Each structure stands twice: as C-alpha cells, then as structure tokens.
Protein chains: 2
Amino acid sequence: METQKQLTIGLFGFGVVGEGLYKVLQQTPSLKASIKKVCIKNPGKKRNAPDSLFTSDRNELLFDKEINVIVEVIDDSVAAFEIVSTAFQQGKAVVSASKKMIAEHLPEILKYQQDTGLPFLCEAAACASIPVIRNLEEYYDNDLLHGIKAIINGSTNFILTKMFEDKLGYQEALLLAQQLGFAESNPKLDVEGYDAVNKWSILLNHAYGIVEHPDNLVFTGIQNVQSGDAAVAKEKNYDIKLVAQAQKLVSGKVAAYVIPQFVKHDDQLSFVKNEYNGVVIESGFADKQFFYGKGAGSFPTASAVLSDISALRYNYRYEYKKRYYHTPGELTHDFYVKAYVSFSSLKDIVKEDFEWIEEWHGGLERSYLVGVIHFEKLATQQWWKAPGVSLILAPDPVIESIELRNIKKRSLELAGIGN
Amino acid sequence: METQKQLTIGLFGFGVVGEGLYKVLQQTPSLKASIKKVCIKNPGKKRNAPDSLFTSDRNELLFDKEINVIVEVIDDSVAAFEIVSTAFQQGKAVVSASKKMIAEHLPEILKYQQDTGLPFLCEAAACASIPVIRNLEEYYDNDLLHGIKAIINGSTNFILTKMFEDKLGYQEALLLAQQLGFAESNPKLDVEGYDAVNKWSILLNHAYGIVEHPDNLVFTGIQNVQSGDAAVAKEKNYDIKLVAQAQKLVSGKVAAYVIPQFVKHDDQLSFVKNEYNGVVIESGFADKQFFYGKGAGSFPTASAVLSDISALRYNYRYEYKKRYYHTPGELTHDFYVKAYVSFSSLKDIVKEDFEWIEEWHGGLERSYLVGVIHFEKLATQQWWKAPGVSLILAPDPVIESIELRNIKKRSLELAGIGN
C-alpha cells in the first residue's frame with residue numbers, strides 16, 4: 001500500500017458548499033483530509049461547527065505552515081484571486097470553484113502553476129458534478145478533439161425547460177428558478193450568459209489550450225428569447241437551449257461561442273432538461289460522447305471539490321497538454337453561421353449583415369428570418385443582442401465554406417423580399 | 001514543452017480495429033506513435049498496408065527491443081494472454097481490447113503490473129468509446145462510490161430496442177443486429193450475457209477493487225425475454241434492458257450482477273437505445289452522473305485504444321487505488337431483490353424460493369409473478385435461467401433490510417394464491 005499525502009485544508013467560505021464539504025470530510029476519514037481552519041466573512045453568524053474552527057483573518061490560513069491545501073468556495077472574485085495568489089506564493093495547493101475569478105485570471109493562474117509546480121484544480125468551476133475538465137485533460141488529451149458542445153448553465157436551462165414544457169412565461173420561469181435556488185439572486189449573471197461564458201473560457205483552455213478572456217468571446221444569454229420563438233421551435237421540432245460550442249475548423253482554427261441554439265430532438269443535448277448540464281464531446285473515431293449530470297447546486301459543487309481534494313492525495317495536477325505539449329488552438333471569427341432572428345421592428349436588425357436569407361416570415365407582432373451571417377459580424381455588431389431582437393443559431397450552425405461568397409449576390413436579391 | 005515518450009508499437013490484429021488504428025496513427029504525427037510491425041494470423045490475406053509491415057511470427061514483435069508498446073486487438077483470448085504475458089516479461093507496455101482474456105486473468109495481469117511497474121491499459125475492453133475505466137480510476141477514486149449501473153452490451157440493447165420500438169420478434173431482431181454488424185457471429189456470447197459479464201468483472205475491479213472471475217458473478221442474458229414480457233413492461237411504463245449493476249450495501253459489501261431489468265422512463269438508462277452503451281455512476285454528493293456513447297464497433301473501439309496509446313506518452317498507468325490504497329470491496333449475496341418472473345408452466349419455477357410474492361397473473365399461455373427473493377438463491381439455483389423462464393429485476397431491485405424475514409410467513413400465505 002503506497003502512502004497517500006495527508007491533506008490539511010484551509011477552507012475559505014462556509015456557505016452550503018463549504019459546510020457540505022466539512023461534513024463529508026468528517027464522515028470520510030479514509031480521505032486523509034481534514035479542515036484545520038475556515039475563513040468566513042461574517043464572524044457573527046451561527047455555524048454548525050465548533051467556534052474554534054472559524055476565523056475572519058485570511059492570513060491565519062494562508063500563512064499557517066501546516067496547511068498544505070487552500071480550498072476556496074467564496075463568491076467574491078476579487079478576494080478569491082488575492083487568496084489564490086497568496087496561496088501559491090506560500091507553496092500551497094489550491095482547489096477553487098470561482099468561475100469568474102479563474103476565467104478572468106487564466107494567464108496569471110497558469111503562470112503561478114508553471115513557476116511553482118503547485119496543483120490548481122477547479123472541476124467545480126465548470127459543470128460541477130460532471131468531470132468535464134478531468135476528461136478533457138486526461139482522456140481527450142490528443143489533437144483529435146473535433147468539437148465540444150454543452151449546456152453549462154443550469155438556471156437558463158431550467159427556465160427554457162419551463163417555458164417549453166409547462167408553457168410558463170419567461171418572468172414566471174425565472175421566478176420559479178430563483179425560488180428553487182437554481183438562479184442567482186442577481187439573475188443577470190445567469191440569464192445574460194456571463195456565468196456560461198466564464199465556464200466556457202475555462203473549458204476552452206482544457207479542450208484546446210486556448211487562453212482567452214471571457215470578454216473576448218462572443219456570447220449572449222436567453223434574455224431576449226420570446227414565447228414566439230418557442231412556438232417556431234415547436235413547429236420545426238426543435239428545442240431551444242443556451243449552447244456553448246467549440247469546433248475545430250478545416251483550417252485548424254477553432255470556432256467558439258455561447259449563443260441560444262435550436263436543438264434537434266435526437267441531439268443528446270435535447271435530453272438535458274431543467275437544472276441539469278450536459279456535454280457532448282466529438283472526437284476522432286469515438287463519434288459522440290455524452291456526459292450528463294447536475295451542473296449546479298451545493299451538493300454537486302461539493303462533490304467536484306471533493307474529487308479534486310481526493311486527487312491531490314496522489315499529487316494530481318493538470319498538465320495543460322493542449323497548451324504546453326501541442327500547438328495551442330487559436331480562435332477565429334472567420335466562418336459563417338446559420339441563424340434565426342426574430343424581431344418586432346425591421347429597424348432593429350441589419351439585414352445587410354447577412355450573406356443570404358433563406359426564410360422570411362412577416363407577422364403582425366413579430367417577424368423572423370433565417371439567414372447565413374459571417375461570424376465576424378456577430379463579434380463586432382451589437383444589434384443582434386439588443387432588446388427585442390432574438391438570435392437563435394440553427395442546429396449545426398457552422399458553415400466553413402468560402403464558396404459562400406459566390407452566391408452572395410443571390411442572397412441579397414432574396415433579401416429584397418423583406419423590404 | 002516537456003518531452004513526450006516516443007512510442008514504437010507492435011500491433012497484434014489487423015481487423016477493422018487494427019486497420020483503423022494504423023490509419024489514424026499515420027494521419028496524426030503529433031501522437032508520436034508509430035506501428036513498426038503487425039502480427040497477423042492469416043498472412044495470405046490482402047491488406048491495405050505495405051507487405052513489409054506484416055509478419056505471422058509473434059516473436060518478431062515481442063522480442064524486438066525497439067518496440068516499447070504492444071497493442072493487441074485479436075479475438076483469441078488464449079493467444080492474447082500469451083502475448084500479454086510475454087510482453088510484460090520483455091518490459092513492454094500493453095494496450096489490450098480482449099475482454100474475455102482480461103476478465104479471466106485479472107489476478108495474473110495485476111501481478112504482472114505490480115512486479116514490472118509496466119502500464120496495462122484496456123479502456124477498449126469496457127464500454128469502447130465511453131471512458132468509464134479512466135473515470136472510475138481517476139475521478140471516482142474515493143470510497144464514496146455508492147453504485148454503478150450500466151448497459152454494456154450493444155448487441156443485446158439493439159435487439160431489445162427493436163423488440164420494443166419496432167415490435168420485431170427476438171429472432172428477427174437478432175438477425176438484423178448480425179446483418180448490421182452489431183452482434184458476434186456466435187450470438188451466444190452477446191445474448192446470453194457472457195460479453196457483458198466479462199466487462200462487468202473488469203469494471204468491478206476499477207470501481208471497487210473487486211477481483212472476481214466472471215464465472216463467479218451472477219449473470220444471464222436476454223435469451224429468455226418474451227414478447228409477453230415486453231407487453232407487461234409497456235403496461236407498467238417500463239423498458240427492459242440488460243443491466244449490469246453494482247451497489248454498495250449498508251454493510252459495506254457490494255451487490256453485483258448482470259440481469260435483465262425493468263427500467264423506468266425517467267431513468268437515464270432508458271435513453272440508451274440501439275447499439276449504444278450508457279453508464280450511470282452514483283457517488284456521494286454528486287447524485288447521478290450519466291456517460292453515454294458508442295459501446296461497440298470498430299471505430300469506437302479504435303478510439304479507446306487510441307486514447308490509451310495517447311496516455312502512454314505521459315507514462316499513464318492505472319493505480320488500482322480501490323484495491324491497493326483502500327480496503328478492497330467484497331462481493332456479497334446476502335441481500336434481496338424484487339423480481340418479475342414469467343413462465344409457461346408452474347413446474348418450471350420454484351415458488352418456495354421467494355420470500356414473498358406480491359403479484360400473480362395467470363394467463364393461458366404464460367403466467368407471471370412479482371416477488372422478493374434472496375440473492376443467494378439466484379446464485380445457487382439455475383431454474384430462473386432455464387429456457388421458458390424469464391426473470392427480470394424490478395427497477396431499483398435491491399432490498400437490504402433483514403426485517404424482511406419477519407413477514408416471510410405472510411408471503412408464503414400469499415403465495416398460496418398460485419396453487
């Protein structure tokens with residue numbers, strides 16, 4: 001029997017995730033991991049653990065020589081980055097669940113790991129209980145990863161499911177999500193896609209070695225999805241999901257975005273309902289792999305933190321093979337997508353941005369078109385995200401072919417229908 | 001950029017999997033793996049590769065000092081074990097896809113690995129493209145794994161799907177599976193559960209550290225499933241699947257088997273249709289994780305072999321943490337299961353083996369009962385596997401409580417209904 005490392009943990013945060021972790025570690029001595037001290041923001045609050053465990057002085061954890069692992073499950077991304085930075089400087093391994101902090105500080109976190117050789121594990125910051133980072137790092141570690149698409153925000157998926165299946169209005173569905181604890185008290189982070197794009201930024205690194213600030217990724221949320229869009233989807237036998245997607249193009253570069261998408265019923269993502277998450281990985285020879293589980297909530301998040309802690313016992317660390325051992329992927333906007341756009345007023349959309357328009361449906365209240373647009377337009381224009389405009393990508397939206405340009409003329413003629 | 005190991009491969013077998021592998025390695029120089037020599041049984045056959053690549057003398061590969069990896073994808077389990085044994089003795093890493101060989105020689109293969117420190121990877125021998133071994137080894141590496149249930153045989157799942165959805169008879173469905181290449185030419189291996197129990201034996205090791213010869217596991221296939229059973233399932237709103245299941249009991253011991261099971265429509269395994277495989281992992285705090293993909297066929301199998309080869313570049317090996325770092329799991333038959341049994345003649349079943357009988361449906365051609373039986377009975381009696389008798393477990397069939405015995409008397413009274 002080989003020796004496992006004894007882990008002495010300094011824990012930041014004692015909300016539902018932190019408290020859950022504390023309990024399970026107490027009940028699982030075989031994990032050889034114990035929490036020595038917990039740093040909390042609000043020392044007055046009654047906690048379900050001995051008083052002596054708590055402090056509000058972060059240095060009591062960060063400068064304790066006995067503590068060899070810092071676990072941080074706090075909400076404040078500025079404080080989280082300070083904690084993580086100091087932890088690295090003090091030679092401690094780090095487990096983090098802070099999506100925003102990691103996504104926004106990826107270059108610094110990578111540098112800390114290179115300089116110190118210390119592990120930084122963050123499975124809880126992607127799809128919670130679904131081990132997507134670990135699989136991208138370890139199993140899909142070669143350059144045969146053709147694409148990955150995923151539902152990575154449970155709140156928006158819950159809302160869309162309720163709009164579709166229970167015919168709730170958007171506001172009603174959002175309220176229900178909040179009541180059930182599936183949505184942040186500030187719903188903007190979920191419904192406008194910020195949470196999803198942070199996770200996608202982290203996953204693009206593990207999938208393709210791409211390090212890109214979330215601000216530079218093309219994304220939106222479900223805030224403009226209309227019940228009329230749901231009706232069109234039903235007609236076409238589609239669901240609407242907020243899909244994060246990355247796809248390797250023939251050029252070798254990578255297309256990536258987080259945008260609502262029509263999903264066919266035989267697509268695995270269509271199986272993902274309510275607050276669940278799902279990831280479809282397409283790799284050479286393997287066809288499509290589908291990973292499914294709870295993507296949010298205290299227990300699923302605690303389970304991911306726990307698995308990371310467990311892995312630290314065996315000195316596991318991400319090797320970032322795609323970044324350091326291969327030529328890292330490169331994002332491009334030079335491709336086309338097929339998209340559906342619904343709008344109340346023709347003034348709100350820029351028809352000329354489309355290469356061609358395939359369908360045009362005028363309506364009394366809302367109209368919609370289906371057309372092909374160069375992705376650079378989505379990256380540089382804002383009209384398609386404005387209130388009242390709802391853009392939803394077609395299933396398999398990416399079109400690579402440059403031949404498209406040749407039929408541009410025809411497209412513009414067709415577009416004339418809408419005048 | 002760290003250096004990756006250069007892999008020089010000796011390949012055994014050049015069927016669809018072997019040839020697929022050869023092609024993809026040629027097209028993927030970044031993998032730093034090349035096939036030096038291929039050993040084939042039938043040297044006369046025309047191959048899509050240079051003649052100089054082939055030999056029918058296995059020693060040309062096994063004793064070549066330059067070859068540092070043996071990949072074997074052959075059908076003959078006796079030859080496969082000889083090859084693997086010699087490979088270990090010659091200091092070579094091994095990638096194997098031979099389920100039967102691995103399942104039947106687990107103790108020897110584990111010993112070889114311990115003695116030599118050489119890696120032996122076999123993802124292709126479980127669910128092909130689904131990385132279930134890797135996830136059990138690396139991600140679910142602690143003792144919080146409550147249970148795992150899976151559809152691990154694509155052929156039987158294809159047949160059951162066709163019986164259910166297209167109302168084909170068993171023989172018709174089997175023929176179609178063979179025509180489409182989803183079933184072995186000797187269908188017994190698939191339909192009578194031998195393939196599934198071999199895989200389950202391998203997975204029990206990676207899940208719980210259990211090393212058990214497949215002959216000692218309780219299993220059967222779908223050979224006795226009747227269209228009448230499908231009709232009952234439909235009435236009850238269930239599917240019928242051949243389910244491999246393992247579950248940690250309150251006693252700490254593990255219940256495991258491969259037996260047809262009624263599956264509720266909201267169970268993730270119900271989503272697994274046709275030749276696909278699916279695995280549901282239940283672990284502490286994570287609720288249920290679902291992995292889904294192609295579980296058989298040349299390309300999915302080649303993809304798993306490829307991922308193993310890729311992992312060898314980084315000196316990856318299974319650590320068998322559940323076996324060596326924890327107390328290994330122990331199989332038990334001391335629990336109860338709820339089961340449905342259909343039969344044509346009362347003589348074919350042993351009613352007295354049941355603790356109690358909950359339902360009893362007499363019919364002109366076939367009758368059925370639903371009852372609770374001690375698992376030891378299934379392990380020691382053969383009547384439930386005999387032709388004409390079809391036993392299908394209830395959803396969540398395991399009943400642990402010893403309190404059951406108290407109501408045994410009542411059960412025997414009820415069973416009287418059937419006299």
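Lettering follows sequence order; numbering is per chain, from 1. What you see is a predicted model; the values in this text were computed from it and never measured.
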Closest heavy-atom pair, B:H326 versus A:R313, reported as atoms and distance to 0.1 Å, is CE1-NH1, 3.8 Å

Turns out that what part of A:Y276 lies under 4.5 Å from chain B's heavy atoms comes down to side chain

*Around A:K273, counting heavy atoms of other residues, nucleotides and ligands shown, do more than 12 lie under 6.0 Å from its NZ?*
yes

Taken to the nearest 0.5 Å, the spacing of B:N277 CG from A:Q289 CD works out to 10.0 Å

Turns out that what part of A:E123 lies under 4.5 Å from chain B's heavy atoms comes down to side chain

One option among A:A311, A:G293, A:S307 has the most heavy-atom pairs under 4.5 Å with chain B, and it is A:S307

More than 12 heavy atoms from other groups under 6.0 Å of CZ on B:F299: no

Side chains of B:P131 and A:E138, heavy atoms from C-beta outward: is any pair under 4.5 Å?
no

The interface call for A:K288 against chain B, heavy-atom contacts under 4.5 Å, is backbone

- Message: Do A:S303 and B:Y140 have side chains that approach each other closer than 4.5 Å (heavy atoms only, starting at C-beta)?
- Response: no

Looking only at A:S310, A:G20, A:P300, most heavy-atom pairs under 4.5 Å shared with chain B are made by A:S310

Applying a strict 4.5 Å limit to non-hydrogen atoms, the region of A:L144 in contact with chain B is side chain

State, yes or no, whether a side-chain contact exists between B:Y325 and A:Y314 at a heavy-atom distance under 4.5 Å. yes

Of the listed B:S298, B:A304, B:S129, the one with the largest count of heavy-atom pairs under 4.5 Å with chain A is B:S129

Measure up the A:Y292 and B:F290 rings against each other and bin them: parallel (under 30°), tilted (30 to 60°), perpendicular (over 60°). perpendicular

One option among B:I281, B:V24, B:V279, B:D308 has the most heavy-atom pairs under 4.5 Å with chain A, and it is B:V24

CZ of B:F291 to CG of A:N135, rounded to nearest 0.5 Å, is 6.0 Å

